[in-house]
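As the structure is a prediction and not an experimental result, all values here were calculated from the model. Both ligands and their constituent atoms are indexed starting at 1 by order of listing.
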Amino acid sequence: MVYGRLSRRLRALGLRSFKDYLDQLERDGGDEWQAFTNALTTNLTSFYREPHHFERLHEELQRRAHDGPLKLWSCASSTGEEPYSMAITACEAYGTLTPPVRILATDVDTQVLATGERGVYPVERIASLDAGLKKRYFQRGTGPHEGFCRVHPALRQLIDFRPLNLLSSRYEVAGPFTAVFCRNVMIYFDKPTQRAILTRLVPHLADDGMLYTGHSENYLHAADIIQPCGRTLYRRATKAA
Ligand SMILES: C[S@@+](CC[C@H](N)C(=O)[O-])C[C@H]1O[C@@H](n2cnc3c(N)ncnc32)[C@H](O)[C@@H]1O
């Protein structure tokens, strides 16, 4: 996999060996370090992936309807389908295109963040969505844009896309967050690294906030940091745990 992905960078740069590529990276890496990172990430995602999370988020937002502006964070947002699904959920929960919600969408890969910022997707990406949601939140392209759809500009207004590496030593984010979606990214890290990330992430949760995790991620090994509170959902562990 690494071979295939980096080979593309070598071809783009006209280099003939991995040694030449690594020598060039180490000598004058610059922007190529970001291209190297972007080439290595796996960005599989979809709108409303793991739909039960969005049902739960809907309930949590409605329960806090009078709590003032709420903050949500998608910390491995990939091409944007996850934060846009959160934005749609907020609009649906409050029955308005301007819900009292701000969404932070971060990822280590700058290319996927650019796709998220554009908010334009092939129509197949929304094929399985409910017809009402498609009508309310997506604009179908015509002419040269045929085959693509654009998210409603009101959704784009709710989201800030920013680069952030979960491996960095601290996260400069403005919480506390009612919901942190950290889904299908921890699988790439070993347990000590997962613990280190959770230790940095969890303090940004609101007291009653929840961590939404991927279907194949479990944190039994981190029960002193977070505790399960539903299907692939966690809350901050209480001090006594
Ligand atoms: C498989 S996608 C998951 C996207 C979305 N969360 C979902 O569940 O549909 C994993 C994302 O994690 C990002 N990622 C990988 N390592 C990361 C890191 N160290 N910091 C932040 N994001 C990272 C990748 O760039 C990729 O977009």
Exercise for review: Please examine the side chains of W73 and I103, heavy atoms only from C-beta on, and report whether any two atoms are closer than 4.5 Å.
Suggested key: no
Check your understanding: More than 12 heavy atoms of other residues, nucleotides or ligands under 6.0 Å from CG of D190: is that the case?
Key -> yes
Practice item. Provide the number and element of each atom of ligand 1 under 4.0 Å from a heavy atom of D109. Key: 25 (O)
Review point. Got the closest protein heavy atom to atom 8 (O) of ligand 1, with its distance?
Key: N184 ND2, 2.8 Å
Revision key, fill the gap. min-distance protein heavy atom vs atom 15 (C) of ligand 1 -> V185 CG2, 3.8 Å
Review point. Does CZ in R5 sit with more than 12 non-hydrogen atoms of other residues, nucleotides or ligands closer than 6.0 Å?
Key: yes
Study note, to complete from the structure: closest protein heavy atom to atom 27 (O) of ligand 1 is D107 OD2, 2.7 Å
Point to revise | Positive for side-chain contact (heavy atoms from CB on, under 4.5 Å) with Y212, one of E60, E82, R231 | key: E60
Practice item. Would you indicate whether the side-chain heavy atoms of R235 and Q227 approach each other to under 4.5 Å? Key: no
Review point. Is there a heavy atom in L164 that sits closer than 4.0 Å to ligand 1?
Key: yes
Exercise for review: Could you tell me whether D23 and K19 make a salt bridge, using a distance below 4.0 angstrom between a side-chain N and a carboxylate O?
Suggested key: yes
Exercise for review: Verify the neighbour count for atom NE2 of H145: are there more than 12 heavy atoms of other residues, nucleotides or ligands below 6.0 Å?
Suggested key: no
Point to revise | Distance filter under 4.0 Å to A76 heavy atoms, resulting ligand 1 atoms | key: 4 (C), 5 (C), 6 (N), 11 (C), 12 (O)
Check your understanding: Where on F189 is there a heavy atom closer than 4.0 Å to ligand 1, on the side chain, on the backbone, on both, or on neither?
Key -> side chain
Practice item. Report yes if the side chains of Y121 and F148 come closer than 4.5 Å at any heavy-atom pair, otherwise no. Key: no
Review point. Going by heavy atoms, is F181 under 4.0 Å from ligand 1?
Key: no
**Study point:** Heavy atom of the protein closest to atom 9 (O) of ligand 1 (residue, atom name, distance)
**Key:** T45 OG1, 2.6 Å
Study note, to complete from the structure: If we number the atoms of ligand 1 from 1 as shown, the ones under 4.0 Å from a heavy atom of T42 are 1 (C), 2 (S), 10 (C), 11 (C), 24 (C), 26 (C)
Review point. Numbering the atoms of ligand 1 from 1, which are under 4.0 Å from a heavy atom of L44?
Key: 1 (C), 2 (S), 3 (C), 4 (C), 9 (O)
Study note, to complete from the structure: of all protein heavy atoms, closest to atom 22 (N) of ligand 1 is V108 N, 3.3 Å
Practice item. Flag R49 as yes when one of its N or O atoms lies below 3.5 Å from any N or O atom of ligand 1, and as no otherwise. Key: yes
Revision key, fill the gap. If you scan protein heavy atoms around atom 20 (N) of ligand 1, the nearest is L166 N, 2.8 Å
Point to revise | Atoms of ligand 1, numbered as shown, that sit under 4.0 Å from any heavy atom of N165 | key: 18 (C), 19 (N), 20 (N)
Study note, to complete from the structure: Given the options H53, R56, R183, T232 meets side-chain hydrogen bond (donor to acceptor under 3.5 Å, both in side chains) only with H53
Check your understanding: Relative to each other, are the rings of F54 and F181 parallel, tilted or perpendicular (30° and 60° limits)?
Key -> tilted
Revision key, fill the gap. Here the atoms of ligand 1 under 4.0 Å from any heavy atom belonging to S78 are 4 (C), 27 (O)
